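What you are looking at is a predicted structure, and each value in this text was computed from that prediction instead of being measured. Heads up: numbering here begins at 1 and tracks the sequence.
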Amino acid sequence: MNGKKRTRWQRRPGTTGGKLPWNDWRNATTWRRATQFLLLSINIYIGITFYYWVRYFETAGTSVYIPRPGGIEGWLPIAGLMNIRYTLETGYLPPVHAASMLLLVAFILISLLLKKSFCSWLCPVGTLSELIGNVGKKLFGRHFRLPRWLDIPLLGLKYLLLSFFLYIALSMPAQGIQYFLMSAYGMIIDVKMLDFFRNIGSATLIFVIVISVMSLFIRNAWCRYLCPYGALLGLFSLLSPFKIRRNADSCIDCGKCAKNCPSAIPVDRLIQVRTVECTGCMTCVESCPVASTLTFSLKTPPGSQENSKPLWRQTALSGVVMAMLVLSILFSAIGFAVYAKVWDTPIPDHMYFQLIPKARMIGH
């Protein structure tokens, strides 16, 4: 208790002694889950429509035609990285897969402003990993944590993978990037991705099964140890002005914030959470039973006060504001892509009729 008497405290509205009242519309958990399932539903729709779009060209136009969903570009992060390099070097939007770049830029902007909240609010893989973890907790009654001597080295794996992909994506000059993305392989790189999952190898299937089983025991095993996308966004999140902040004066040292943190961050021992592992999920905030003790808020300028309240209390983000911010940034990027006429790929159908039926042979 740090030698302080803390007998008077006010329960935070919408909480029940530290439990997560997910069905209370006021709290962050409800808004985050609604946002997660919205994006998961959108991605399922994208996957289904993209499959039927590919089948149309594979069957020489004899099957049902559904327009190509532009959102599939969000699944092409390496193309997005390449196009960021291309745009920075040339000053022009790339000729193909520009939407992948704009979506990646949106996710980076979200991380720069709101920590790694893409992972916990928008990412469909993160949502599935969280659902698997919830099943594991119901089955075994708890989540497990690896010992530090194993956990810390494993945390570095995603940065090794990130370094590899950054080297691939950024080592080529703009002319080489344009040549690659305008090649047969580059034009149907999205179709190649679909074929990877449709014709998944035994080694990859075993890996997926192993990581899924691990996620039953270890929260977000893929996200924590292996996701290079999350590693990239985590580095940008270090610059975020919004952070989880703890008011040590009103904290009752119950430890519920650290116990419930999906990223195993010792929130109860920190004044500000600066780590790259924080996803801005606000689970710790929802777990805290004391009003205004934990907030996701801006840094307090020295001596800054308004209405006799510290600035960090006035700038705390609620669940609805978080949902509005992450979705606004995402849909603003999509709106710009539509306005700039790069949301839909400029590749003509006759090229797809030639390339997609031969997709498996291209690149081999």
Report summary line: Residues pairing under salt bridge (Lys or Arg N to Asp or Glu O under 4.0 Å) where one sits in residues 124-142, two or more places apart or in two chains, turn out to be Arg32-Glu130
Query - Heavy-atom closest pair, residues Cys257 and Cys284 - result: CB-CB, 3.8 Å
Query - Non-hydrogen atoms of Thr29 and Glu286 that approach each other most closely - result: OG1-CG, 3.2 Å
Query raised in the report: Between the side chain of Trp121 and the main-chain N/O of Gly280, is any donor-acceptor distance below 3.5 Å?
Result: yes
Exercise answer: donor-acceptor pairs, residues 148-159 side-chain atoms, under 3.5 Å, sequence neighbours excluded:
unit_1, atom_1, unit_2, atom_2, d
Asp151, OD1, Arg224, NE, 3.1
Asp151, OD1, Arg224, NH2, 3.4
Asp151, OD1, Tyr225, OH, 2.5
Asp151, OD2, Arg224, NH2, 3.0
Lys158, NZ, Arg224, O, 2.5
Lys158, NZ, Glu277, OE2, 3.1

Query raised in the report: Can Ile200 and Phe207 be said to form a side-chain contact (heavy atoms from CB on, under 4.5 Å), step by step?
Result: CA-CA 11 Å; Ile200 192 168; Phe207 172 80; over 6 Å; no
Query raised in the report: So, do Asn199 and Arg360 sit near enough that their side-chain heavy atoms are less than 4.5 Å apart?
Result: yes
Query raised in the report: Which heavy atom in Ser111 sits nearest to a heavy atom in Ser240, and how many Å separate them?
Result: O-CB, 3.7 Å
Requested in this report: Could you check if a side-chain atom of Pro289 sits within less than 4.5 angstrom of a side-chain atom of Cys254, using non-hydrogen atoms only?
Outcome: yes
Query raised in the report: Taking a hydrophobic cluster as the set of Ile, Leu, Val, Met, Phe, Trp and Tyr residues connected by side-chain heavy atoms closer than 4.5 Å, whether directly or through intermediates, do Tyr167 and Leu170 fall within one such cluster?
Result: no
Requested in this report: Before giving the answer on side-chain contact (heavy atoms from CB on, under 4.5 Å), spell out for Ile132 and Asn220 the whole-Å C-alpha distance, their side-chain angles and the decisive distance to 0.1 Å.
Outcome: CA-CA 8 Å; Ile132 293 172; Asn220 303 325; over 6 Å; no
Query raised in the report: What pairs meet the salt bridge (Lys or Arg N to Asp or Glu O under 4.0 Å) rule with one or both residues in residues 89-113, with sequence neighbours excluded?
Result: Arg85-Glu89
Table please: side-chain donor-acceptor pairs of residues 94-105 below 3.5 Å, with sequence neighbours left out.
unit_1, atom_1, unit_2, atom_2, d
His97, ND1, Glu73, OE1, 3.1
His97, ND1, Glu73, OE2, 3.1
His97, NE2, Gly186, O, 2.8
Ser100, OG, Gly80, N, 3.4
Ser100, OG, His97, O, 2.6

Report summary line: The side chain to side chain contact (heavy atoms under 4.5 Å, CB included) partners of Cys278 (sequence neighbours excluded) come to Lys115, Ile244, Ile265, Val273, Thr275
Query raised in the report: Nearest heavy-atom pair of Ile72 and Met193: which atoms, and what distance?
Result: CD1-CE, 3.9 Å
Requested in this report: Could you tell me whether Trp53 and Tyr352 have their ring centroids closer than 6.0 angstrom?
Outcome: yes
Requested in this report: Take Ile271 and Arg245 through the side-chain contact (heavy atoms from CB on, under 4.5 Å) test and state the conclusion after the steps.
Outcome: CA-CA 6 Å; Ile271 299 300; Arg245 302 179 191 276; 6.0 Å; no
Query - Rounded distance (nearest 0.5 Å) linking atom CG of Leu40 with atom CG of Asn43 - result: 7.0 Å
Query - salt bridge (Lys or Arg N to Asp or Glu O under 4.0 Å) partners of Arg219, counting only residues at least two apart - result: none
Query raised in the report: Run the side-chain contact (heavy atoms from CB on, under 4.5 Å) check on Val276 and Leu233 step by step: do they pass?
Result: CA-CA 8 Å; Val276 295; Leu233 299 179; over 6 Å; no
**Report entry** Check: Asn27 side chain, Thr30 main-chain N or O, donor-acceptor pair, under 3.5 Å
**Finding:** yes
Report task. To the nearest 0.5 angstrom, please state how far the CG atom of Leu325 sits from the CG atom of Leu317. Result -> 6.5 Å
Query - CG on Leu294 to OG1 on Thr283, rounded to 0.5 Å - result: 11.5 Å
Listed pairs under 3.5 Å, donor-acceptor, residues 329-349 side chains, sequence neighbours left out:
unit_1, atom_1, unit_2, atom_2, d
Ser332, OG, Ser328, O, 2.6
Thr345, OG1, Ile347, N, 3.4

Query - Distance in Å, Ser237 OG paired with Leu113 CG, rounded so as to fall on 0.5 Å steps - result: 11.5 Å
Query raised in the report: Any side-chain heavy atom of Asp249 sitting closer than 4.5 Å to one from Thr293?
Result: no
Query - Close side-chain approach of Tyr51 to Arg55, heavy-atom, < 4.5 Å - result: yes
Query - Within-4.5 Å side-chain heavy-atom neighbours: Trp75 and Asp190 - result: no
**Report entry** Greater than 12 external heavy atoms within 6.0 Å of Tyr65's OH
**Finding:** yes
**Report entry** By ring pair (Phe, Tyr, Trp, His ring centres under 6.0 Å) - contacts of Tyr229 (at least two apart)
**Finding:** Phe118
**Report entry** From Ser318 atom OG to Met324 atom CE, the distance as rounded to the nearest 0.5 Å
**Finding:** 9.0 Å
Query raised in the report: So which heavy atom on Ile46 is nearest to which on Gly71, and how close?
Result: CD1-CA, 3.7 Å
Query - Sidechain-backbone polar pair: Ser63 side chain, Thr59 backbone, donor-acceptor under 3.5 Å - result: no
Query raised in the report: What's the shortest heavy-atom distance between Ser215 and Trp222, and which atoms?
Result: OG-N, 4.4 Å
Query raised in the report: What residues form a side chain to side chain donor-acceptor pair (under 3.5 Å) with Thr204, not counting sequence neighbours?
Result: none
Requested in this report: Tell me, please, which residues at least two apart from Phe140 pass ring pair (Phe, Tyr, Trp, His ring centres under 6.0 Å).
Outcome: Phe217
Report task. Just say parallel, tilted or perpendicular for the rings of Tyr185 and Phe180, cut-offs at 30° and 60°. Result -> tilted
**Report entry** Hydrophobic cluster identity match, Tyr56 and Tyr45, side-chain contacts under 4.5 Å
**Finding:** no
Query raised in the report: Do any N or O atoms from the side chain of Arg246 and from the backbone of Leu270 form a donor-acceptor pair under 3.5 angstrom?
Result: yes
Query raised in the report: Is the number of heavy atoms from other residues, nucleotides or ligands under 6.0 Å of Phe236 CZ greater than 12?
Result: no
Query raised in the report: Between atom CD1 of Ile218 and atom CG of Leu146, what is the distance when rounded to the nearest 0.5 Å?
Result: 4.0 Å
**Report entry** Cluster overlap Val285 with Val321, hydrophobic side-chain contacts below 4.5 Å
**Finding:** yes
Query raised in the report: With Ala184, which residues qualify under side chain to side chain contact (heavy atoms under 4.5 Å, CB included), at least two apart?
Result: Leu355, Ile362
Requested in this report: Before giving the answer on salt bridge (charged side-chain N to carboxylate O under 4.0 Å, His left out), spell out for Asp268 and Lys256 the whole-Å C-alpha distance, their side-chain angles and the decisive distance to 0.1 Å.
Outcome: CA-CA 8 Å; Asp268 58 334; Lys256 291 177 179 177; over 6 Å; no
Query raised in the report: If two hydrophobic side chains count as joined below 4.5 Å and joins carry through other members, does Leu88 share a cluster with Tyr179?
Result: no
Requested in this report: Can you sort out the partners of Arg198 under salt bridge (Lys or Arg N to Asp or Glu O under 4.0 Å), two or more places apart, ordered by chain and number?
Outcome: Glu58, Asp195
Requested in this report: Is it possible for you to say whether Val213 and Val210 belong to one hydrophobic cluster, with membership spreading through side-chain heavy-atom contacts below 4.5 Å?
Outcome: yes
